[in-house]
Structure formats: structure tokens, C-alpha cells
Number of protein chains: 4
Amino acid sequence: MVAVTKNGRSAPTSERRDELLAIAARLIATRGFSATTVRDVADEAGILSGSLYHHFSSKEAILAELLKRFMTTLLDRFEKIAAETDSPREALDLLVDQAFRTIESEPDAVGIYQNESSFLATQQGFEFVSEHSARIEQIWMTAIRDGQASGDFRASVDPAITYRFIRDSVWATGRWFRPGGRHTAESLSAHYLDFLHQGLLAD
Amino acid sequence: MVAVTKNGRSAPTSERRDELLAIAARLIATRGFSATTVRDVADEAGILSGSLYHHFSSKEAILAELLKRFMTTLLDRFEKIAAETDSPREALDLLVDQAFRTIESEPDAVGIYQNESSFLATQQGFEFVSEHSARIEQIWMTAIRDGQASGDFRASVDPAITYRFIRDSVWATGRWFRPGGRHTAESLSAHYLDFLHQGLLAD
Amino acid sequence: MVAVTKNGRSAPTSERRDELLAIAARLIATRGFSATTVRDVADEAGILSGSLYHHFSSKEAILAELLKRFMTTLLDRFEKIAAETDSPREALDLLVDQAFRTIESEPDAVGIYQNESSFLATQQGFEFVSEHSARIEQIWMTAIRDGQASGDFRASVDPAITYRFIRDSVWATGRWFRPGGRHTAESLSAHYLDFLHQGLLAD
Amino acid sequence: MVAVTKNGRSAPTSERRDELLAIAARLIATRGFSATTVRDVADEAGILSGSLYHHFSSKEAILAELLKRFMTTLLDRFEKIAAETDSPREALDLLVDQAFRTIESEPDAVGIYQNESSFLATQQGFEFVSEHSARIEQIWMTAIRDGQASGDFRASVDPAITYRFIRDSVWATGRWFRPGGRHTAESLSAHYLDFLHQGLLAD
DNA sequence: CATGAATGAGGATTCATTCAT
DNA sequence: AATGAATGAATCCTCATTCAT
């Protein structure tokens, strides 16, 4: 997707590589990392399993690259929202919205993030997972806290817990939301924000 | 832990068996089913991996037993709440409360349920997973719909989506909630219900 | 060889293990470590290659155990000679003699020692190789130096170089000496000592 | 390094080829042939492993070329010494001297020769190894036998065994001798010859 | 109830080699 | 003269499972 200079030097990106990453992402999101074999990925790509090692140094390296790309992009987007928005309420709305859009555009990465990140956070070579997660948490919690300070949000809720409640219900959407059905990222987002703002009780 | 001896049969339940199940549950909850080896479990139990087969017919059988016990108990509890409660709002509160208590008392089973159930739903021998899930969904959605009908809950929210939002944020709590810290199941439950009822916005 | 208590606890030794080690030693001595496959060893033992891992944690672990056993025994023998012998000349003779006897009784281990030890000395997990080698060198060089001090050996030779000359020609014997032929350890030893003592020139 | 262009043929010799051979020699001498991968060599040369096949037809071909060059040159030198020297004692001294000089000038080839030749002797395509070795042995043993016949060398030593003792201690020097340290080929050679001639015992 | 030895299938990975570009 | 992608076979190792003791 990202435009890459066509001179192949320094290896990190190539079209073939991206294809393989996409295939791996889909399988890993579906079956889980440890239940996905290198051969599964290679088969799907129409090559032999050993040939994958021409592109990646290990199965773990595939996962790392997948997650790093995803989390870096995501963090960038969140940081941009935080930087460009003044109203905490609007910021939170935009963060939620961005999350739903991400679920729609990169469902596999989201799935992997949800399923594997908690375990990976402690693994060598995956330090970036907890680092990025921490920075994302900061952005969201700042929005919540600022909203409480400004009087937009109720002061009685615990911001840390509330962040987690929101985060979990939003991202978990990726497990059942399939674009092309009754819902779109937009409709889900609108629905969720209404629910988030007003709660469940009738007045 | 709970002595389950309602049927007088000899083999299926024994203390050793329960210990082994608890060990397996912990490991599977932490690493995931496919990343947990029979040997991991045996090591933790202080026996050789082959010896596990004296107690269980297969690795899958362990998982099945774990999940079946958990889901059966959980469904029972939910059904009891549905049967004994008249007010939909109270019913939903009690369901949420029950979920948090379950997270507190059986964190491993909850973790496994979350991580593996979506994949297992389609696996042979795990039909009970989707069956039980469907019945649980019915109970919760009935509470939501009844609450909308009675005027307790806002009619504008989609009950199916709302159910998922609630379900996901509640169960996901199991990923970060560790008893013994700042929170108890009770405090979390209270917190969540307040958030659920009123939403985030200040009046 | 070494009598082992029959209670199998703490695993380190068993008859089967010893058999497998002997097989591995023979193959590794013949083909070299890296050219010997785990399957080669297993085939020779009449089991599947994976079954070897019931006994050893890795191919490297086999090599390490082989070398450690060998070098420990060897060092013990050398130390005993050094401790029990007063005359430096007799000590050196006995050391040489012991070396030839070791070549005769454990040709495979000697071969492995010669072929692999220089490379292994720097490898993790093989620190004992250089440690033992250093202590062996000390024993031999002490004999040489003491012999020079006592006037038994010519003072003009460099003890360090002389040690290496002796060591290399003695151990290299293992590459061509096959018991059962024209020579025995005893005859070789006698021959070598004569050559060592008097040199090549006629008076 | 040495420009070998005596035959006008185009392909077989080129500077690049020689560089690659030198790199391969160093690695093979250090790690052993089977533990040195084609990729190791290519990496060190700054090219891709496949590109090596532009220069050599196989990994074995590299080894063969390396050894053939070395052994041919060596045999030539030994033959020249044998042809040009009358006194057996002087011949042996010169042979020894030549060996030390060769160790100094071509340490990698010497290392490979020592480590791999015994195994290779039986391999197809490496018949020249045993052939050359046999001719070298003949030259040395002739010097020894002639020296015994002339009364220069002691008649009581077995020429075959003595040859091996000498050969092994001389060539093994290559394992520890690094030019630039305390010793040179000359000093080592002098030292060894003194030791060889007189033996270790004081008069 | 557990051990210890093994199986057989499959797992990730390596590696020499090929070939179109 | 080299790349980059791939092959095919082999490598080390893992793992669920079996079974005689």
C-alpha cells in the first residue's frame, strides 16, 4: 500500500514481501500464531515453506513485522488525532472512530493484535508491543481525564477502568464485525458512541 | 476444587485429575492451547508427559473438559438468574455481576473461553461451545429486549450490538483484572454497571 | 564402564544412554561432528531420530557429554601421574604412555577431541574444553620444566614449543593407529619415547 | 595473490576467483568444510550465495581446487628438494624447513589439508589427495631411510612410524602458530630441527 | 499411578543449487 | 558478474501419543 521506491536496495520492502505478509496475517488472525505453520503460509502463497526464509528470517520475524507495522501506523493515527483536536470529547469520539475504521481496513492485524499481544508483550524482540500500547493508553486516558476536567465526562468514573472497558469493547468488535454485512465501520462507530455517551438507561 | 461427586461413577473425577486440570487451565490460559504442550502440563505437575494419558485420553479432551465444566456451570448460573428475576434491569445487573464474579473465581477458564472459543466453535467435539454460547446470548438479549420493552433501557440501541459491546468489555476484564489488587469483582461490577447505565457524558 | 547405581533417579546415566553415546562417538570421530547427522546416529542405534531426544537435549549436548567425560577422565589420569611421580623424566614418560593407552582404549573420543576441540573451545557450553586443556598443558609443561631444572632434559629447548611438538605427534597417532595391526599402544609408546629421548641423529 | 596466468586460458583463473578462494579457504580452515556454508563464503565476499555459482560449479569444487593447488605446489617443492639434495640429513632438514615455510605462507590451506584430507581421501573427485600424499610420504621416507643407510640417522627407529611422528608434529604446528607472534617459520624450524636431531635428553 | 523408551508425524529452519533477469 | 526468487532435500528438533514394565 505504502508507496515504496523501486530500487530494491536495503531489502526491507518489496511487493512479494508484502503479499506474503498479507497472507500470513490472514492465517495468523484466523488460527492463531502458534497454530499457523510456516507451511500453511507458504502453501497459500504457492511456494515451498523453505522459500519463505528468503524473505523472512523466522516465523517470529513475520509476526513481529506484522505487529510493528500495525502498531506504528495506529499509534501515528492516534497521535495525530490527539495533536489536532482541542475538545476532549471530540478527541475521544475521533479515537473511537479511528479504531472502528482500523478494524474495517485491517481486520487481520487487529485480530492478531488482540489475540497475541498480551502474551508477546513479555517476549524478547517484542518490546515495542508494550511500549506502543503504553503510549496509546496514554493518549486515550488523557482524552478521558481532560474530558472529566472540562466537565464533559462524568467525574465519578475511574479513567483507567473506563479506558479498558472502552478499549476492549471497541477492539473486540473485530471478532464479529465483517464488512459487507449489516454494519459498516461508520454505523458501528455511531452506534457505539451513542451507547458510550448516554449509557443504557432511559431517562 | 469444588467436589463434584454427584454421580457416583469412579473414574471421571478424582482429586489428582482436578489438580491436573487446574494446571492445564493455567497454562492454556496463559499461552494459548496450541502453544501449551502436554509436556508443559506434565512438567508442572511433576510427572512425565506420557503419564497424563492415564488421566485424559488426549490433549483436546483436557480442553474439552475444562470448557465444558466452565460453560455448563456458567449457563446454569445465568439460567438461574433469568428464572428468578422479574425486572429486566435487575436481571441484566445480576448477569453482569455474575460474570465479574466468575472472572474472579475462575480466571483461567474465562481466559481460555475468550481465546479459544471462537476457533473451537467449529471443531468436532466442541459443538457444545456454540450451543452454550447461543443459549447464553439468548438470556442476555432477552434481558436487554425486555428492558427496552419495559422502558427501562433506551429503545434506540440495537440489542444485538449492545449485547456484544457489553459482553466483550465485561469478559475482557479477565485479561487485566488480577484479584488482590486495587479491585475486587464487586467493585469492578459496581463500576461497570454505573458506566453501563449512565454512559460517559455528564448531564 | 563406570559402575552406576541402579536407581535411575537424576537421569544422567543409563545403559541405553551409554550405548547411544558410544555410537555417536564412533560416527562423529569418523565423519566429524557437523557431517554426522542425528539420523545417522539414530539409524545406527535402530531407533528414530526423534527418539534420541528422549535421551539428549540436543546434538550439541551429545558432543558436550562425550568430550566432558573424556577430558575429565584424561585430566584425572594425568593429575594422578603428576601427583604420584617424583622424577620429571619418569613423569613425562608416564604421561606419554598414558596418552598412547588412551588412544588405544578410547580412539573415538581422542579423534573427536583432536578434530573438534579447537573450534569448540570458543563455543558456549564448551568452556570446559579450554579449561581442561589448560590444566593438562600445565601438567605436561611442569614435567618438562622440572626435567630441565633437574638436568634430565636439555635446557636449550623451549618448553612450550616442545610440549606442543610432543602433544601433537602423540595425539595425532590416533589418526592412523588401529589396534590389532602391527602396533600396540605399548610398542608405539616405547618407540615414541626412544625417539623422543634420543632424537633422530646417530651419535 | 600470486598472479597465476601461465596458461592463457580465460575462465579458470581470475582475480575475483582467487579472492573468493581465499575467503573460502579461511572459513573452511576455521570451521571445517561441512560446517562452512556457501552462504558464509558469499556473505564474506559481499555477494549472494547463488552468485558463487558463477565462479564455481559446486561447494566441493571449491574445496577440490583449494586442495589441488595446495598439494600440487607442495609436492613440487618437496620433489625439487629431493632432486637437488644429496645428503639425506640435509634433505630432511630442508623438507622440514619447507613445511614450516608453507605453514607460514598458506596457513589456511594447511589447516584444511589437516582437517579434511583423511576423510576426503576416499571421496570421488579427490583421488589426487591420497595420490599426492603417497608421493609426499615416499619422498620423506626415502630421506629417512637413506639417512639410516648412510649412518646419519639411528637405525633403530622405525622409518614409517618416525615419518608419521615428524609429519604430525610439524603440520600440527599450523593449529597454533600465528605469524606475527614470538615465532617465525625460521625460528620454529630451527627449534624443531634441534629437537628432532638431539631429542630431549641431556647427554 | 507412574516411568522410560519409543513412535510417527510434523514443525521450523538450513542449505546447496538453479535460473530468469 | 551479480541479483532475487525459488527449489528440493535434508537438518535438528518437537510433540502428541503408545505401551511394556
Please tell me if His55(C) has a side-chain N or O lying less than 4.0 Å from either OP1 or OP2 of dA6(E). yes
Closer than 4.0 Å, any side-chain N/O of His54(C) to the OP1 or OP2 of dA5(E)? yes
Donor on one side chain, acceptor on other, Asn115(C) and Arg31(C), under 3.5 Å: no
Rounded off to whole Å, could you give me the CD1-to-P distance for the Ile28(A) and dA12(E) pair? 11 Å
Rounded to whole angstroms, how far apart are CG on Leu52(C) and C1' on dG8(E)? 15 Å
If you take all heavy atoms of Tyr53(A) and Ser58(A), which pair is closest and at what distance? CE2-CA, 3.8 Å
How many Å lie between CG on Leu27(B) and P on dA16(F), as a whole number? 12 Å
Return the 5'-most residue of the pair Gly50(D), Thr36(A) with respect to DNA chain E, ranking by each residue's nearest nucleotide. Thr36(A)
Whole-Å distance separating the CG atom of Leu63(C) from the P atom of dC12(F): 13 Å
Check this for me: does any side-chain nitrogen of one of Arg16(C) and Glu19(C) sit under 4.0 Å from a carboxylate oxygen of the other? yes
Does Leu48(C) reach a base, just sugar-phosphate, or nothing at all? Heavy atoms under 4.0 Å. base
When all nucleic acid strands are considered with a 4.0 Å heavy-atom cut-off, which category describes Arg16(C): base, sugar-phosphate, or nothing? sugar-phosphate
Integer-rounded Å distance: dA16(F) P and Tyr53(C) OH: 17 Å
dT17(E) P sits how many Å from Glu60(D) CD, rounded? 8 Å
Could you give the CD-to-C1' distance, from Glu19(C) to dA5(E), as a whole number of Å? 12 Å
Are Ser51(D) and dT3(F) close enough that a side-chain N or O sits under 4.0 Å from OP1 or OP2? yes
I'd like to know if Arg69(D) pairs up with Asp18(D) as an ion pair, taking the criterion as any Lys NZ or Arg NE/NH1/NH2 lying under 4.0 Å from an Asp or Glu carboxylate oxygen. yes
Looking only at side-chain atoms of Ile47(A), point me to the closest of dA12(E), dT7(F), dC15(E). dT7(F)
Note: for Ser57(B) and Ser58(C) on DNA chain F, the residue whose nearest nucleotide lies more 5' is Ser58(C)
Any side-chain N or O of Arg39(A) less than 4.0 Å from the OP1 or OP2 oxygen of dG11(E)? yes
Whole angstrom is fine here: how far is it from NZ in Lys59(C) over to P in dC12(F)? 5 Å
More than 12 heavy atoms of other groups within 6.0 Å of Arg39(B) CZ: no
Using Watson-Crick or G-U wobble geometry with both distances below 3.5 Å, tell me the partner of dA20(F), or none. dT3(E)
